[in-house]
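Below is one structure, written out as structure tokens, with a few remarks after it.
Proteins get letters first, then strands, A, B, ... in listed order; numbering begins at 1 in each.
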Amino acid sequence: MDTIKAEIYDIIESAIQAAVAAAELTISEMPKIPFSPTKTPEHGDIATPIALGLAKQARMAPRKIAEIIVTHINLDAHPTIRQIDIAGAGFINIHLSDNYLYDTLQIIATMQEAYGTCDKGEAKQLQIEFVSANPTGPINIVSGRAAAVGDTLVNLLNAIGYNAMREYYVNDAGGQVDRLGESIDVRYRQALGEEGLEIPEGGYQGEYLREFGKTIADTDGDVYLQLETKERVAAFRDKAIAHILAQQKSSLERFGVEFDVWSSEKAIRESGKPEEIIELFRDKSYLYEAEGATWFRMTDFGDDKDCVVIRSNGEYTYFVPDAAYHRDKFDRGFTTVIDLLGPDHQGHISRLKNFVKALGLPDDWLEIFIIQWVNLVDAEGKRSDMSKRRGQFRTLDDLIDELAEAVGEQFAVDVARYFFLMRANNTHLDFNMELAVTHASENPVFYIQYAHARCCSIFEQGDEQGITPKPIEAVSLNQLTEPMEHELIRKLAEFPSTVLLSAETREAHRVVHYLHELAGIFHPYYNQHRVLDPADMKKTDARLILIQSVQRVLKNGLTLLGISAPTSM
RNA sequence: GCGCCUAUAGCUCAAUUGGAUAGAGCAACGGACUUCUAAUCCGUAGGUUGCAGGUUCGACUCCUGCUAGGCGUGCCA
């Protein structure tokens, strides 16, 4: 497609130059020629609104300009172009020859599972950090969404030639996990029969911690009561982190997400890097003392408020290990780092970016995206709060369990991933659990998977009838003359650019929509045209190649999304 | 108060980053299985793209100002 575009670009450009040379067109400067996609086959394969763009400086009606340009194109010299039309306000519509269409099938047959990939990323090292949920409870649904998106983005970036990896930052140090230890301490002592205890301010109410505290009491009895409160809380904290982390890991694995690296905030804190950061900031005069605390001059970086980096009790705020952690990422050699943050980290973006700037790292080195809320919606359409602190959240495991009851374990993961991936990251996502379960079998993911299964089924049927696909070289592709066949091939040709765009804009949902559209052309085709026709083997052979290509692209696309491509349903 | 995000069909979302007649899926209604899987297909209906201006040959997209919702906002992470 790219080579074709380059060729067309040259043709149009020289036509404009010829028109200018012939004094039919007056322009001051050679413009860049834009290409716009064609929505309908009548508009050809590639279109350009260049005549519209030239109208002003050429002082001429766009249609007239288009006509002039077209007269300077010698179609006989360019066999790739079958026909050129002028339409609408002055669009130049280019129809490519059928041979070009058939080239797409050739490319797919050659590249197979590599179709859709490219080497644009030049093997650069890239890291995406996502989920990074506090080790204070199970993976919830918002984190599940982040898991699906992050995992898929890594797939996409690898597909376009980057060397991307998945990283999880474990917040296993700091105030939050201390509150966790204190909360478990309360549950533990309650389990031992102590009365009148309450979860401390900022602690965790979740039911899973009550069970955890009870388990400790059941297995170890009251031995912990002999420890100093501080030691006991620390012991519970570490115990809980290890336990919860293992649980999070297995939930994510069940969801098909495996991280390459688990980084520890505790390790960062103990590495000495935070001290180096503070020293660096001090040297650069970014810090000052006030109200007993140490402040960072965030206002120097355009923020409206300074912020505390060392609290009056001498402890770092989370900014310091966080800055140190990003410094560490840079030292590990990543050319670009992408953080996917939860919606409650809104205010964190500009500050983190400013810290990165203060560290002297390149501006575009760090990209931050917010994965927006997932609202649980009940059957009446009422939204429910998912605050972890109040313990009213739904876990990723709950979700998959419920979906599994409706559609089975494998499809449950597929449905959940699809659901999370189908929307743009920055939009709020309403998740109606009841609807998701009762309508699980009507989920659009099956529409795509079914298309794949149907392709497989054709080959199975063919096998039974003794019809097997021939190598593409032995097939007359010009048997593919149906408009729907051309539409299918055109769609197949779009796959690589969709993957590229999706990866570069970090918007996985584009691939989802693409696959849905592809399936949306395939199903009607399947219904209207028979592939296996023993009476016309030439056509059958050509159609089998087409079906192989559709099957291949569906499979490649679903694989990128981490969704299975079943051979039968 | 300030900052960020969002607003598109009854509902949930798209729209290839400024291009042609704004598209899908649910939900509603009417049709199609003796033929490669009906988890499918065909058809009907559904719109002043939150409001008001502006830029442009051309705006859902960019700019300004409103309105509504969400999130954030100096010692939680």
Ring stacking, A:Trp295 with base of B:G74, under 5.5 Å and under 30°? no
Polar side-chain contact A:Asn93-B:A20 base: donor and acceptor under 3.5 Å: yes
Taking B:A59 as the reference, what is the distance to B:A52 when you measure between their C1' atoms (whole Å, please)? 15 Å
In whole Å, what separates the P atom of B:U16 from that of B:C2? 33 Å
Are the ring of A:His43 and the six-membered base ring of B:A20 within the stacking cut-offs of under 5.5 Å and under 30°? yes
A:Glu291 side chain to A:Ser312 main-chain N or O, any donor-acceptor pair under 3.5 Å? no
Short side-chain N/O contact from A:Lys305 to OP1 or OP2 of B:U73, under 4.0 Å: no
When both hydrogen-bonding distances must be under 3.5 Å and the geometry is Watson-Crick or G-U wobble, what is B:A38 paired with, if anything? none
So, is A:Arg510 close to the B:A15 phosphate, meaning a side-chain N or O under 4.0 Å from OP1 or OP2? yes
Using the P atom on both, measure B:C33 against B:U49 and round to a whole Å. 41 Å
Check the pair A:Phe301, A:Phe296 against ring pair (Phe, Tyr, Trp, His ring centres under 6.0 Å), reporting the backbone distance first and the verdict last. CA-CA 10 Å; A:Phe301 293 85; A:Phe296 181 88; 5.7 Å; yes
Can you tell me whether the side chain of A:Arg351 and the base of B:U73 have a donor-acceptor pair closer than 3.5 Å? no
What's the closest nucleotide to the side chain of A:His509 if the choices are B:A15, B:U17, B:U35? B:A15
